[in-house]
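Here's the structure, in structure tokens; my notes come after.
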Amino acid sequence: MGSTPPSTHADQRRLDRELLALAVPAFATLLAEPLLVLADSAIIGHVSTDALAGLGIASSVVGVVVGLCVFLAYGTTASVARRLGAGDRAGALAGGLDGMTLGALIGVVLAIVLQVAATGVVGWYGVEPVVADQAASYLSVVSLGFPGALVILAATGVLRGLQDTRTPLLVVVVMNLANIGLNLLFVHGLGWGITGSGTGTALAQTGAAVWLALTVLRGARREQVRWRWHPSGILTAARSSGWLVLRTAGLQAALLLTTAVAARMGAVSMAAHQVLYSLWMLLTFAMDAVAIAAQALVGRYLGAGEASTVRSLLARMLGWGVLIGVTGGLLLWAGQGLYLWLFTPDAAVVGLVSSVLPLVAGLTVLGGVVFVLDGVLIGAGDTRYLAWASLVNLLVYLPLAIMVAVTGGGLVWLWLAYAGFTLSRFVTLGLRARGTGWMRLGV
């Protein structure tokens, strides 16, 4: 007691205030994002088990596609924050606008591809024809919202880099409320089934994209920065994001493999996995709130050349990550009787979810640390290491998932295998964070 100088305590409180000022709105924003999936799951679950299973397949595809493009948010957050820390706000906004243009272009290409290839992509999962039809119907419609979804990612990254997480929160909350209202209208009011769910989601995402883009443009005009066609800047944004794409590809491949194995266990197992996956995404996105704050703060302080502050931030953020992981896991496990009935009336699905839920809840503790470490390294721009680490983690998980598929181990064993993947991420990211090779100072 009394061995720590008062200034250190004051510095820690200041860092906590900065962290919470970014993380609390980001927490609510990230919590709201998977509510799109949860709302779709709850609404479609009362249509039929086949429709819910089909939504699970389609959501897996959407998750892979949008997940691979998350570099639009992560890379933009880190680069904008670094320039902001170095005192170049106009340059930060110019780079952010290039990222938004890149996102819109990629979204248009992906939407066109999936209009043609939705049925073929769903066929890779090897599910029953009735489930495949439901999945393809949803995917072909919801993909029309991809341009908006990717502009949302890039614009959110710009605002986070500028240390603003409140605006994305407001936009996402309104988007989710609109999504729920539109889905209820289209699915149950007009009887469009799973197609209505995809339509509502695409419309809600497009409206949110317009709102966020206009917000960034107003800020750019204040700095006399114009949004115009800038091929060299767009190509620079694309090249700098290459390692992040590879990092994310490894993570998405693991999720895709998990869903593919679950799909071959039958409609009940796939429906149960969709519920578990939705809950897991809810928790991991919530835990990622501290990681989002890490990207913005670490980038800013490294840009300003303050290495010691970054090291202090790492320690504080790890503590918050553990706290969030433990709290979220306990709430998930203890409150299951209050929410499982919302997803499906099928007793077999509910029973299977209940048997796996303790494992998923326990996994959030480790996940809280993993997400913080990942966010710190992304904020530092250490994307090359993250890409190689992601490959190593995937190679660890691949034989475990294949073993479950070959032996018919069931959903519990599949999620145990995924826990092994999360443990591998903990080891690879923790070893890197202990050193100083990732702490590059300046722009």
Side-chain angles (χ1 to χ4, degrees), residues 3-5 8-31 74 77-78 81 85 160 163 165 247 251 280 282-302 304 306-332 360-383 385-386 389-390 392-393 419-441:
S3 61
T4 303
T8 300
H9 288 304
D11 288 342
Q12 289 177 345
R13 288 195 297 271
R14 175 180 61 82
L15 291 177
D16 280 342
R17 286 195 298 271
E18 290 188 32
L19 174 64
L20 291 174
L22 292 173
V24 170
F27 176 86
T29 303
L30 292 168
L31 197 66
Y74 290 175
T77 297
R160 288 172 179 168
Q163 316 295 293
T165 56
R247 166 257 182 200
L251 300 180
W280 171 246
L282 181 68
L283 286 175
T284 55
F285 276 121
M287 291 184 293
D288 203 27
V290 181
I292 295 299
Q295 293 171 24
L297 291 173
V298 168
R300 191 182 100 207
Y301 280 115
L302 287 178
E306 299 184 28
S308 59
T309 302
V310 171
R311 183 61 71 179
S312 298
L313 267 172
L314 173 60
R316 304 300 292 177
M317 288 184 290
L318 285 173
W320 283 104
V322 170
L323 178 62
I324 292 171
V326 170
T327 303
L330 286 174
L331 289 174
L332 183 69
V360 177
L363 192 56
T364 61
V365 181
L366 189 61
V369 175
V370 167
F371 274 75
V372 167
L373 294 173
D374 191 55
V376 167
L377 295 179
I378 290 174
D382 196 27
T383 53
Y385 180 85
L386 287 170
S390 186
V392 170
N393 299 330
F421 173 73
T422 306
L423 179 61
S424 178
R425 292 188 68 199
F426 171 77
V427 172
T428 54
L429 298 180
L431 289 174
R432 181 64 168 177
R434 290 187 63 179
T436 58
W438 52 277
M439 297 179 69
R440 295 184 300 105
L441 302 180

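No experiment lies behind these values; they were computed from the predicted model shown.
Side-chain contact between Trp438 and Val376 is present, with heavy atoms from C-beta onward closer than 4.5 Å. You'll find the side chain of Ile292 reaches within 4.5 Å of the side chain of Tyr74, heavy atoms only. Side chains of Arg247 and Tyr385 form no contact here, defined as non-hydrogen atoms less than 4.5 Å apart. Here the side chains of Phe426 and Val369 are in contact, with some heavy-atom distance below 4.5 Å. Put simply, the side chain of Leu20 reaches to within 4.5 Å of the side chain of Trp320, judged on heavy atoms.
The two residues Gly375 and Ala294 come nearest to each other via the heavy atoms C-CB, 3.9 Å. The shortest heavy-atom contact between Val370 and Leu429 is O-CD1, 3.7 Å. Considering all non-hydrogen atoms of both residues, Ala296 and Ala81 come closest at O-CB, 3.3 Å. Gly321 and Val372 get closest at one heavy-atom pair: CA-CG2, 3.9 Å.
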Next item on the list: Take Asp382 and Met439, measure what side-chain contact (heavy atoms from CB on, under 4.5 Å) needs, and give me the verdict at the end.
Entry: CA-CA 8 Å; Asp382 196 27; Met439 297 179 69; over 6 Å; no
Note to self: Before you tell me yes or no, could you show the steps for Leu332 and Val360 under side-chain contact (heavy atoms from CB on, under 4.5 Å), namely the whole-Å CA-CA distance, both residues' side-chain angles and the distance that decides it to 0.1 Å?
What the structure shows: CA-CA 9 Å; Leu332 183 69; Val360 177; 4.0 Å; yes
Checklist line | From CA spacing to verdict: side-chain contact (heavy atoms from CB on, under 4.5 Å), Arg425, Leu366 | finding: CA-CA 10 Å; Arg425 292 188 68 199; Leu366 189 61; over 6 Å; no
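Note that CG of Leu373 is 6.5 Å distant from CG of Leu314, once rounded to the nearest 0.5 Å. The CZ atom of Arg316 sits 12.5 Å away from the CD atom of Glu18 when rounded to the nearest 0.5 Å. A distance of 9.5 Å separates CG of Leu331 from OG1 of Thr364, quoted to the nearest 0.5 Å. Once rounded to the nearest 0.5 Å, the distance linking CG of Leu363 with CZ of Phe421 reads 11.0 Å. A distance of 8.0 Å separates CG of Leu22 from CZ of Arg300, quoted to the nearest 0.5 Å. From Glu306, atom CD reaches atom CG of Leu302 across 9.5 Å, with rounding to the nearest 0.5 Å.
With hydrogens and angles disregarded, no donor-acceptor distance shorter than 3.5 Å links the side chain of Ser390 to the backbone of Leu386. A donor-acceptor pair is defined here as one N or O able to donate and one able to accept, closer than 3.5 Å; no such pair exists between the side chain of Thr327 and the backbone of Ile324. With Asn393 contributing its side chain and Ala389 its backbone, the two residues share a donor-acceptor pair below 3.5 Å.
Judged purely by distance below 3.5 Å, without hydrogens or angles, the side chains of Gln295 and Arg160 never pair a donor atom with an acceptor atom.
A cation-pi arrangement, defined by a distance under 6.0 Å to the six-membered ring centre and an angle within 45 degrees of its axis, is absent between Arg311 and Tyr301.
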